[in-house]
Structures are given as C-alpha cells and as structure tokens.
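All values reported here derive from a predicted model rather than from experimental measurement. Each ligand, and each atom within it, is numbered from 1 in the order the structure gives.
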Amino acid sequence: MSENIRFDGRVAVVTGAGGGLGKIYALMLAARGAKVVVNDLGCAPDGSGGTTNFADQVVEEIKSAGGEAVADYNGVHTKEGAEGLIKTALDAFGKVDIVINNAGILRDRSFMKMTDDDWKAVIDVHLHGTYNVTKAVWPHLRENQYGRVVFTTSSAGLYGNFGQANYSAAKLGIVGLMNTLKLEGEKYNIKVNTIAPFAGSRLTATVLPQDVLEKLKPEYVAPIVIYMCWEGCQETGRVFVAGAGYFSRAAIVEGPGVYFNLNEEITPEKVAEKLNEIKTVEGAVEFNNATEATMKAFKNLGS
Ligand code: NAI
C-alpha cells in the first residue's frame, strides 16, 4: 500500500515520547520522514524522579531504522523546561512544524483524600505543560505560517472518572485551550486538534486487566494522531477519540433550548415545568465560537 501521508522536511516535537503512546507517535512520524525531537523526563507514573533512558532508547530505535531524531530530557511542567525543549528542536533541526503534547502523569485519589500537591502536580504536567510548550512554540509557528498541534485529553476529562478530579480538570482545561487556539491559529495555517486515547500503557496498567491491556495497542490510536500532524489535515478544533480500532469524534453541543416570553415574569417554577425541554440535547447543535453561541441566546431579545 502506498504511503501518501508523509512528513519529509518536517520537524516534529513529541512530549512524553519515551514510552507508551508518545513513543509510537514518534516512531511513526520518523518512519514517514519527519525529524523528531523525542522529549521525555523519564519519570515514574506519578511524576517523581527522572532518567535519560526513556528518550534515548526511542532515539536509538528511530536511528537504527534509518530515521532522524534527537533526545530532550526537559520537564514540560515548567516554563524553562518547555522553552529548553523548543530550543533543542531549533538547535538540532532549525524549525518546528508539528507538536504533539502527550506527556502525562497520574495521582489518582478520591477528592476527599487528594492533597494540594496531587492537584498541582497533575495540573502542572497536563494543563500547564500543554500551555508551556505551545506558548514557547507559538511565535515560531506563526512566523512560519504553519503548524500542526495535537493536544491530549481523556474520557476522564470529557465525562468524569471517580478518583481523577485533578486529571479530569486538567484534561478538560486542555480542550478549552484548544477551542480558543483553533481560532487564533486560523489565519496562520495552524491547526490545533485533540486526541482522547484509549491504550494499554503504564498509566492504565493499574486499572485494566492484563489481557485487555495487551489488546489496547498504542498503534490503534496513532494513525489518527499522525493524520492530525499532516499538512493535508484541514480539521481544527476537533476532539477525536481512538482506541481498540474504534475512531470517533467527541463534541460539546447545546440543545435547542426554550425561549421564555420576556414580557412575563420568569420564575423558578416555570423553569421546573419546562426542565425536560430545557435539558434535552435532541436536535443539539455545535458552535464554532462563543459569539455564535451567545447569538443563539440573544435571539430572544428580538432585533
Ligand atoms: P506513559 O506513562 O506511558 O507516557 C507518558 C510519558 O510522559 C512518560 O514516558 C513520562 O516519563 C512522560 N512525562 C511525564 N511527565 C513529564 C514531564 N513533566 N515532561 C516530560 N515528560 C513527562 O502514558 P500514556 O498512556 O502513553 O499517556 C500518554 C498521554 O495520553 C498522557 O497525556 C495521558 O494522560 C493520555 N491518556 C492516556 C490514556 C490511555 O488509555 N493510555 C487515556 C487517556 C489519556
């Protein structure tokens, strides 16, 4: 089969690429011609410690397959780390075209037991990490009038998951960041999309049975992430779900709603009476930006 989705001449930065999903993204991009910066702090699943081995092994694998890659060991949870990562890319390859924000940790605990440190550590790596790296590279992408940026969310953020209040907040915050960057990147040909993956990795090793983990290959997620990195990808502001050979799109939608007569008093009782109509998402629509959403409500004001 011919491979027309190629990255020759493109430079990709993949965070947390020393293992799990990020490793497969890095290998696949390199196999399709990209020069890859393999970033990984090499920490434990809870964010503690650090080693250069994670990133080094993936760089070695890419090079032995004939590809081009450099390792970067910065932590994306700090501004300096993210700036150092983008500097690694520019020093090695002179530019950046593609950024996959994938690095992640977990500190699962019920909200009652969650410490401030558990909260902060997870927000720092996921939400601030995504911000730090994207902020460091954004002026460069704008100047080049080109960028393919991928963020990583989770079903925990989209729908909630017991014991993951910190992670859920961070992961949905990332979707909010995408919603605005898709608009700000539009005229510079910067596309920003988000993956919600399901994959067997050390992060899911404690919550899923071994036989299921083995079947949830990161290779089943990577194809749509690679598509999002491609210059032919014209999608932006999308959340794609992938795992176990399943692919779909998740979206924030708003139901048709109810317009009350503004000439009459609007009481909590009237709201209660209409609640079924207010809450239905049957016939829901998506909005491209906040103005579109506001205009739908403002229709009730007349002209
Ligand atoms: P993983 O633990 O195998 O990979 C994450 C990598 O990020 C690790 O190699 C780790 O060393 C690195 N890392 C952690 N903190 C870092 C930092 N501050 N700076 C740089 N590197 C850092 O886990 P996996 O499953 O491959 O996760 C990848 C992403 O996908 C994460 O954002 C995770 O939250 C997300 N995700 C994964 C799901 C799954 O089913 N595996 C489900 C939903 C989301």
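Of the protein's non-hydrogen atoms, Gly16 O, 3.5 Å is the one closest to atom 6 (C) of ligand 1. Looking only at heavy atoms of the protein, atom 5 (C) of ligand 1 is closest to Gly104 O, 3.7 Å. Atom 42 (C) of ligand 1 has Pro197 O, 3.0 Å as its closest protein atom, hydrogens excluded (heavy atom only). At the top of the distance list for atom 27 (O) of ligand 1, counting protein heavy atoms only, stands Leu203 CD1, 3.8 Å. Nearest protein neighbour of atom 9 (O) of ligand 1, counting heavy atoms only, is Asp40 OD2, 2.6 Å. Ranking the protein heavy atoms by distance from atom 40 (O) of ligand 1 puts Ala199 N, 2.8 Å first. Regarding atom 26 (O) of ligand 1, its nearest protein heavy-atom neighbour is Leu21 N, 2.8 Å. With respect to atom 18 (N) of ligand 1, the closest heavy atom belonging to the protein is His77 ND1, 2.9 Å.
Checking Asp124 against His128 by side-chain atom types alone, a donor-acceptor pair falls below 3.5 Å. Glu61 and Gln57 share no side-chain donor-acceptor pair at under 3.5 Å. Side-chain contact, Lys171 with His126: a donor N or O sits under 3.5 Å from an acceptor N or O. With hydrogens and angles left out, the side-chain atoms of Asp117 and Thr115 include no donor and acceptor closer than 3.5 Å.
When each of Asn53, Asp56, Asp40 is checked for a side chain to side chain donor-acceptor pair (under 3.5 Å) with Tyr73, only Asp56 meets the rule. Only one option out of Asn132, Val76, Leu41 pairs with Thr15 in a side chain to side chain contact (heavy atoms under 4.5 Å, CB included); it is Val76.
Listed by atom number, the atoms of ligand 1 under 4.0 Å from Gly20 heavy atoms are 3 (O), 26 (O). For ligand 1, the atoms sitting less than 4.0 Å from at least one non-hydrogen atom of Thr153 are 43 (C), 44 (C), numbered in the order shown with element in parentheses. Heavy-atom proximity to Val76, at under 4.0 Å, picks out these atoms of ligand 1: 17 (C), 18 (N), 19 (N), 20 (C). The contact set between ligand 1 and His126, taken as ligand atoms under 4.0 Å from a residue heavy atom, comprises 32 (O), 34 (O).
Scanning both residues, Ile224 and Ala242, for their nearest heavy atoms gives CG2-CB, 3.8 Å. Among all heavy-atom pairs drawn from Ile100 and Cys229, the shortest one is CD1-SG, 3.7 Å.
Scanning Asn39, Thr78, Thr152, Asn102 for the heavy atom closest to atom 31 (C) of ligand 1 points to Asn102. The heavy atom nearest to atom 25 (O) of ligand 1, out of those in Gly18, Gly243, Ser201, is found in Ser201. Comparing Tyr167, Phe198, Phe151 by heavy-atom distance to atom 36 (N) of ligand 1, the nearest is Tyr167.
At least one heavy atom of Gly42 lies less than 4.0 angstrom from ligand 1. Ligand 1 has at least one atom lying under 4.0 Å from a heavy atom of Thr204. For the ligand labelled ligand 1, residue Pro45 lies outside the 4.0 Å heavy-atom shell.
A salt bridge is defined here as a Lys NZ or Arg NE, NH1 or NH2 lying under 4.0 Å from an Asp or Glu carboxylate O, and Arg249 with Glu286 meets this definition.
Under 4.0 angstrom from ligand 1, the non-hydrogen atoms of Val125 all belong to its side chain. Residue Ala103 touches ligand 1 through backbone and side chain together, judged by heavy-atom distances below 4.0 Å. By the criterion of a heavy-atom distance under 4.0 Å, the backbone of Asn74, and not its side chain, is placed next to ligand 1. By the criterion of a heavy-atom distance under 4.0 Å, the side chain of Ile105, and not its backbone, is placed next to ligand 1.
Two different hydrophobic clusters hold Ile98 and Val149 under the rule that ILVMFWY side chains link at heavy-atom gaps under 4.5 Å.
Heavy-atom contacts from other residues, nucleotides or ligands closer than 6.0 Å to OH of Tyr131 number 12 or fewer. Heavy-atom contacts from other residues, nucleotides or ligands closer than 6.0 Å to OH of Tyr259 number more than 12.
One finds the CZ atom of Phe93 at 10.0 Å from the OG1 atom of Thr88 (value rounded to the nearest 0.5 Å).
In terms of polar-atom proximity, Lys171 is counted as a contact of ligand 1, with an N or O under 3.5 Å from an N or O of the ligand. Residue Phe54 has no nitrogen or oxygen atom sitting less than 3.5 Å from a nitrogen or oxygen atom of ligand 1, judged on distance alone.
A donor-acceptor pair is defined here as one N or O able to donate and one able to accept, closer than 3.5 Å; no such pair exists between the side chain of Asn102 and the backbone of Leu21.
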